[in-house]
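Here is the structure we will look at, set down as structure tokens.
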Amino acid sequence: MTDFANFLLNGITLGAIYALIAVGYTMVYGIIKLINFAHGEFYMFGAFVGYFVLTGIFAVPPQGGEPGYLALLAALLAAGVATGLLAVLVERLCYRPLRNAGRIVALLSALGVSLFFQNMGQQAVGADFRKFPPTIAETRYPRSEVPLESLKEGQVAERDLRLTYYVKAEDGRDQQRVITIANGGEAIDGAQLATARDLAASSTLPAAVHAYPRVTVSNRHLLIFLALLLVSAALYVLVMRTRFGRAMRAVSVDFEAARLMGINVDLIVSGTFFIGAFVAGICGVLAGGMTFERIDPLMGLMPGLKAFVAAVLGGIGSIPGALLGALLLGVSEKMVEAYVSSGLRDALSFGILILVLLVKPSGLLGRFEGEKV
Amino acid sequence: MSESTVLHQPILRAQNVTKRFGGLTAVDAFSVELQSGEIVGLIGPNGAGKTTVFNLLTGVYKADHGAITLRGADTCWLTPDRIAGLGIARTFQNIRLFKEMTVLENVKVGFQPVKRQSIFGAICRLPRCCQEEKEIEREALALLELMGIADLKDARSAGLAYGQQRRLEIARALAMSPKVLLLDEPAAGTNESESADLQALIRRIREKFNLTILLIEHDMPFVMGLVSRLLVLDHGVTIAEGTPEDVRRDPRVIEAYLGQGAEA
């Protein structure tokens, strides 16, 4: 049961990551009926912008360091804005001139843009993986503090007991470390307890022992949930309650009629690209960087394709659909990985894609769209 | 400029506007001058090029030849949204409402060019935006009231009856505060009493909003009772122009409508 709960939690985290990428996919499709295959590259681009902000401006050493929340916020903002602007540029140069050339032509252009960024990325920063700085210390919740003095050798730990302590890193900053004193249900080992006491005594910041239940969630994952929550709420308000959103919806229903109502459709399309890529960019930092911890120019390929599957599953063009599809896909993947075979994970996703396209192309929450005459 | 020249400057002028699609000349040297406050009719058999004229005036199509000016300003190089912003609003022959949106929202879309709002401000829900939004809501409701469909404000627009959808299109067009309103077959699909109501309604909005109206219509009694002047198109060519009485008697018009040799 605890295993299942952990898998479910991991699945929801993965789903949240897919969701943050899928909303951009689905918004762009909703408005100009383009499947922007370069969207995964926006995610990659965002991760790299975040990386360079952290290692460059905040001078995080290559092997890590935790500059903290302020640096994270700066990295997220920079990644979001830079990625958004890149997307606006891509739309202007690669998609807008093809708007009347047919959907297949624009789709091919999108594929080209995707490959272009993958290869230009490899040229510009190299094809090797880079370790993404942890940025914020990892903390798992829920937890309760236990006084170190109260622990005795041979005592059976009810829950996992871990010591959080700090050492001076090379750059002079305090770096957080964690060791396990005892796992839940085991007796406390004397030597391990002695080591913990020594580490606590030499810790550069106050050390603490915490008891953790079997099912915990990392603060980094909580950040992803928080981001998804904020993004969903902001998009809801934007789309349903503002004039920009109303114009977006009008353009998505009837491009030409919206234009004749005085809506500057080019501005709406640019804005949509910006918003979708902004979200993908911050997701690149939160997920690609801080959760998967390593980045490379091809990192956007798989998450991009998975987000596409999620968007199709939920009904492409629908924002709630993309969120639902992404969460379902994330959980299914983790379940298959846990109970069937990790090798089948990707096969499952693309199997879902084929199945949805065959059986219900409009997806779970999409509406059927007959060809316009 | 003296008062009289201001009065006589046409609000919308098309001069020798020609549009070809491949080998087909859809509109051939079309000219019209709309004086402020006029209601002018554009009639002709199916395929005569009437809707193409609307598409040219609103910038959906760019003319191959000729010039279109709105209040003296050349609109040739402007995009449809800019032209709409300058004061030309229209309805569509085959209704083009924003189907998934509610009746009220459709009208609100029409306010787009009139009131400006930044994305950032909208996200932050600045008080000013909220107030503007309330203002839009009030004005949109007033327009629905005028069109007699205010009680349907929260209905999905696609679910409305045909005549109601046409009225909603007019409300949406009026939301843009146009100077010139182009109505494409507003009376299509209405019965006799409805079309009499619609006539009265069109006169009323012309007065209330100080509009100049160009309308395409097949329903002859409807047009004749409404307009001061008529233009008749056939195969893209303007074959007659004048008062309803003149046009009705014009042999070329009779021929175009009823075929050669027919009696009026």
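So that the names make sense, note that chain A is the first sequence line, chain B the second, and so on, each numbered from 1. These values consider heavy atoms only, across backbone and side chains, with no hydrogens, waters or symmetry-generated copies.
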Q: Inspect the surroundings of CG in B:Leu24 and state if more than 12 heavy atoms from other residues, nucleotides or ligands are less than 6.0 Å away.
A: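 Atom CG in B:Leu24 is packed in, count exceeds 12.
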Q: Give, for atom CZ of B:Arg82 and atom CG of A:Asn264, the distance between the pair rounded to the nearest 0.5 Å.
A: 9.0 Å
Are any of the side-chain heavy atoms of [X] and [Y] separated by less than 4.5 Å?
{"X": "A:Met261", "Y": "B:Phe98", "value": "yes"}
{"X": "B:Ile136", "Y": "A:Arg246", "value": "yes"}
{"X": "A:Arg249", "Y": "B:Glu100", "value": "no"}

**Q.** Segment of B:Leu86 engaging chain A (4.5 angstrom heavy-atom cut-off)
**A.**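 No part of it gets close to chain A.
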Please name the pair of heavy atoms, one in [X] and one in [Y], separated by the smallest distance, quoted to 0.1 Å.
{"X": "A:Ile263", "Y": "B:Val109", "value": "CD1-CG1, 3.6 Å"}
{"X": "B:Ala84", "Y": "A:Arg259", "value": "CB-O, 4.3 Å"}
{"X": "A:Leu260", "Y": "B:Pro80", "value": "CD2-CB, 4.1 Å"}

Q: Go through B:Arg96 and A:Glu256 one step at a time and tell me if the salt bridge (Lys or Arg N to Asp or Glu O under 4.0 Å) criterion holds.
A: CA-CA 9 Å; B:Arg96 286 172 79 171; A:Glu256 200 57 59; 5.7 Å; no
Q.
Taking side chain to side chain donor-acceptor pair (under 3.5 Å) as the definition, give me every residue that meets it alongside B:Glu38, ordered by chain and number, with sequence neighbours left out.
A.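 Applying side chain to side chain donor-acceptor pair (under 3.5 Å) to B:Glu38 gives B:Arg229.
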Q.
Run the salt bridge (Lys or Arg N to Asp or Glu O under 4.0 Å) test on A:Arg241 and B:Glu133 for me, step by step, so that the C-alpha distance in whole Å, both residues' side-chain angles and the decisive distance to 0.1 Å come before the verdict.
A. CA-CA 9 Å; A:Arg241 294 266 181 275; B:Glu133 192 62 28; over 6 Å; no
